[in-house]
Amino acid sequence: MPANLTAALNFLSLPNACPLCIVALDPHSGRPIAVNSTFESILGPFYKFKEWDFSNAAFDDVNPISNAAGRGKTNRSRFRDAISRVRASLCEDVDVHTKDAMKGKCNATAKVRNVEMLTLGANEAGLPVRKYFDWTIGSVQNEEGVNGDEPASAVILYGDVLKDDESSNRARDAELIDFFQKAPIAMHWLNEDGIVLWANQTELNVLGYTAKEFIGQPIMKFCPDEEELILEMFKQLGAGHVIKDVPVRYRTKDGNIVHLLIDSNVAYNRDGSFGHTRCFIRDDTGRKLRDARTKLLISENERASRNQQILRMLDNFLSRTLHHVMGPLHALRSTCELVSGRLQDNKSDDVHERERSCVLLERAVDTVTLTTRMVADVSDLARFDAGATLEPAFKLTDLRDLGLQAIESIKFQDLRLKGGDDGITVSLKLIGQRGPAAIHIDRAVLLRVLAHLLENSVREVSPGGNVTLQITSSINSSEKGVVLFEVIDNGKGLPPGTCLDNRGDSNNTTSPALRHRYVIGRSSCNDPDEMEKARAEMEEGLRSLKQNGVGVGLPLSYHLVCILGGDLRYEKLSVGSKIYFTLQGKQATNTVIDNSDVLKTETILKSKIPPTEISFVPKEHSTNKRQRVDDFDFENFVSCDTSLTTSGDSDTLSSGPATVAVAKCGVKAELPFSVLIVEDTDICARVLGMQLKKLKCSTQRAENGQVAIDILKDSVPGTFDMVLMDLRMPVMDGLTATKIIRDELKIDLPILALTGERRDDIQAECEGVGFTQFYQKPLPKKILEDLVSKYKAIRDGTIRPVGFS
């Protein structure tokens, strides 16, 4: 018999020759052909196994203590696969299923652990018992020809039965390993050099790598963009610290970036040296998405808030614009009605009446002209903001004549509260530096710019201040004319909320380019608090009833100067400020202007305005009336009429007090009904005064709420019977003034709101601060008559007041 196989079979027949269970299998059928005595004593007698495939002795269920490679497979399939790999290495005639399954997997040896087997007992009466075995599988074969029925080769299995306590330990270990491998959180270990020692299946699944591709590699390979962070983490861990919630970006096998959060600590060796890290990794994508959504939500809320703020500013801007449009229209309507009424009263031959009518009409024309210009400014600014352009018409323009026309166009009655010049000096200063006396420019556009800049300065400068239009003409290196236009004043400067940007000139940090007030978000200021503060100031300026004008002069001037080829700039001086721009043009050729082609240096003052008399009562009855003799005396002018007498003209209502009123109230009933008119617009105050004069009322005017409060403080109680209060006024608006009258002065007299405001909440605001009644301008003549009659009757006691309603 050949030596190898024969020797093996003989060895199996020896009693107790080996402590392992050994069985030889036919490589073709997989059935046992020989077993040793240890096999029979543990698994059962040979005859019980020899007729069937030995792999069927393994239980066909999932092994709870199998290793990771065999997890999910049954005992039998793991056992059969291991045997089949060896069988396939010995013969070609294994069954088709085994041959297909073992393609490329033929091995001379194989090992399989923790195989749960059915043992059939050491004798005939033995009961089947389950036991666990570790099997090592090999093969032997004859080196020479085979005689008779002897097999040419055999599969040899060496089985080591596990003791019960060892089986139990393995089950626990397998459970623990399975727990870590299938844990819902990714985990890995790194040595002190950053090499991956172990990673669970969860982490491999997250990153898409196999164990061979990931374990044993430097961790830096999988997070190449985080080298500095990884090194800092190792530094912290090496110092004995624990790291938590550190965001790290990993690169997956398919090249994508995943955001992960790492918690880690160190397992130290027994000698205290660095053993390995224990890293716990969580997917940070959800947090990133939540943060992104939160930022988006915050951004949307901020955008919505800004949009609401813009809408409020637009609403306030429109409200202010409509106020300045409707006011003059109401005044014009009232003027026409008043003049028409006078003409119909057969008094056309009265010289004084004609003069008064002409003054009213002239003032109405001025007011409507101012309104027309304001509407044109708003319309043009809207066109510029929409991208429209203006083609300037350049022609030769004399600089001296241009400057004179600019300063003489200033109308103090439209800009100052009290209608006079308040002692303000407006001048033109010409500075010739070999520059031309005339340049080619669009005269109308340039005049429009200078008018806006001068009006802003005159409006804001203090009484007795100075406003100068300075024009400096010089030539550049190309012998072309260069003209510097400067509006200089000693006032308080630009209003709050005006946007300045110094990015236009890198060499000029003290003179930032003037930008639109409504594009403050594009300012060079990057401080959110400062931007928000400026935006709030701008919004308050638009909403406030204390401000006159609509605030389009500077933005419009900015566009117009750009069209002319300049750059509007602003500089704050030690005292006051200046706004300036430079324009270039070619020097006039073959043209003589004032016998010279260069600008002469000189200073010219604006001519003084003539004295103006403001009165609502006839001269013969105005014994206490103050007239403005000159412009300087007008500073202290408050009252339009302090007389308590009324006109005796035949066009007024009947003058004798009712007998019942005298009986109830005594001499007070003989006094005229006294009305305090609080109105900043001159023509509106004039019209109201004339209407009240015809109703036998005495009147006094206050230009704003502060003046009204001062008058009421200094007056004897009962001096005034009614107050007609405008809402939008400079210095102090009507709402604030009425609240002070009610809450601080404790004066209880009818205060009627007169306004051109069209906001939905304005009437509720008026009622909230203590107004008696609310009326839109213009106040019809019939309603005014009824109001005077009603409150005069209340004063005289002929009717009982009911809350002044």
Side-chain angles (χ1 to χ4, degrees), residues 370 373 377 399-400 402-431 446-473 483-500 502 508 510-515 517 537 541 546-558 560-561 566-583 601-609 631-632 634-635 730-731:
L370 186 64
R373 197 188 80 167
D377 288 344
L399 295 176
R400 187 177 187 276
L402 176 76
L404 284 175
Q405 184 177 352
I407 64 171
E408 293 299 338
S409 67
I410 299 299
K411 295 183 178 181
F412 290 103
Q413 65 267 29
D414 296 328
L415 303 173
R416 304 298 295 181
L417 297 181
K418 300 173 183 178
D421 58 24
D422 279 354
I424 297 172
T425 300
V426 178
S427 61
L428 169 65
K429 186 175 183 179
L430 303 174
I431 300 177
L446 184 53
L447 273 174
R448 196 173 177 186
V449 172
L450 295 176
H452 277 302
L453 300 183
L454 286 169
E455 287 172 1
N456 283 341
S457 292
V458 170
R459 185 183 290 115
E460 298 296 334
V461 76
S462 301
N466 299 304
V467 177
T468 301
L469 171 59
Q470 183 170 294
I471 301 177
T472 304
S473 180
V483 182
L484 173 64
F485 295 88
E486 299 171 281
V487 175
I488 307 171
D489 64 67
N490 58 354
K492 58 186 178 181
L494 293 177
T498 305
C499 179
L500 302 175
N502 59 9
N508 191 348
T510 61
S511 304
L514 183 65
R515 302 296 299 272
R517 288 193 296 174
E537 289 176 342
K546 301 176 185 178
Q547 300 293 330
N548 273 332
V550 293
V552 299
L554 287 178
L556 181 63
S557 298
Y558 167 79
L560 295 177
V561 170
D567 185 16
L568 195 60
R569 293 186 171 274
Y570 169 80
E571 182 176 343
K572 184 68 176 175
L573 306 176
S574 58
V575 178
S577 61
K578 72 175 179 179
I579 297 180
Y580 62 97
F581 57 93
T582 302
L583 300 178
T601 299
E602 61 178 316
T603 300
I604 307 170
L605 296 179
K606 172 180 169 59
S607 57
K608 293 288 184 178
I609 61 174
D631 294 329
F632 296 95
F634 191 67
E635 179 180 358
V731 183

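Counting from 1, the numbers follow the sequence of the chain as shown.
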For V467 and I410, what are the C-alpha separation, side-chain angles and deciding distance, and is it a side chain to side chain contact (heavy atoms under 4.5 Å, CB included)? CA-CA 11 Å; V467 177; I410 299 299; over 6 Å; no
Quick one, [X] and [Y] - any side-chain contact, counting heavy atoms below 4.5 Å?
X: L554; Y: Y570; answer: no
X: N456; Y: R459; answer: yes
X: N490; Y: V461; answer: yes
X: Q405; Y: L450; answer: no
X: L446; Y: F485; answer: yes

Heavy-atom closest contact ([X] atom, [Y] atom, distance):
X: S427; Y: L605; result: CB-CD2, 3.6 Å
X: F581; Y: D567; result: CB-O, 3.7 Å
X: S473; Y: V483; result: OG-CG2, 4.2 Å

Could you note down all residue pairs passing salt bridge (charged side-chain N to carboxylate O under 4.0 Å, His left out) where residues 461-470 supplies at least one of them, sequence neighbours left out?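 Qualifying pairs, neighbours excluded: none.
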So E602 and R400, side chain to side chain contact (heavy atoms under 4.5 Å, CB included) or not? Walk me through it. CA-CA 10 Å; E602 61 178 316; R400 187 177 187 276; 2.7 Å; yes
Checking side chain to side chain contact (heavy atoms under 4.5 Å, CB included) between K429 and each of T603, I471, I488, which is the one that passes?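 Per the side chain to side chain contact (heavy atoms under 4.5 Å, CB included) rule, the option paired with K429 is T603, out of T603, I471, I488.
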Partner of L469 under side chain to side chain contact (heavy atoms under 4.5 Å, CB included), chosen from V426, L430, L454, L404: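 The option that passes is L454.
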Nearest 0.5 angstrom please: [X] [atom1] to [Y] [atom2], how far?
X: L453; Y: S557; atom1: CG; atom2: OG; value: 4.5 Å
X: S409; Y: L447; atom1: OG; atom2: CG; value: 7.0 Å
X: T468; Y: E486; atom1: OG1; atom2: CD; value: 10.0 Å

Step by step, work out the side chain to side chain contact (heavy atoms under 4.5 Å, CB included) result for E460 and D489. CA-CA 9 Å; E460 298 296 334; D489 64 67; over 6 Å; no
Would you say K606's side chain and I407's backbone share a donor-acceptor pair under 3.5 angstrom?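 Yes; judged by distance alone, with no hydrogens or angles, the pair exists.
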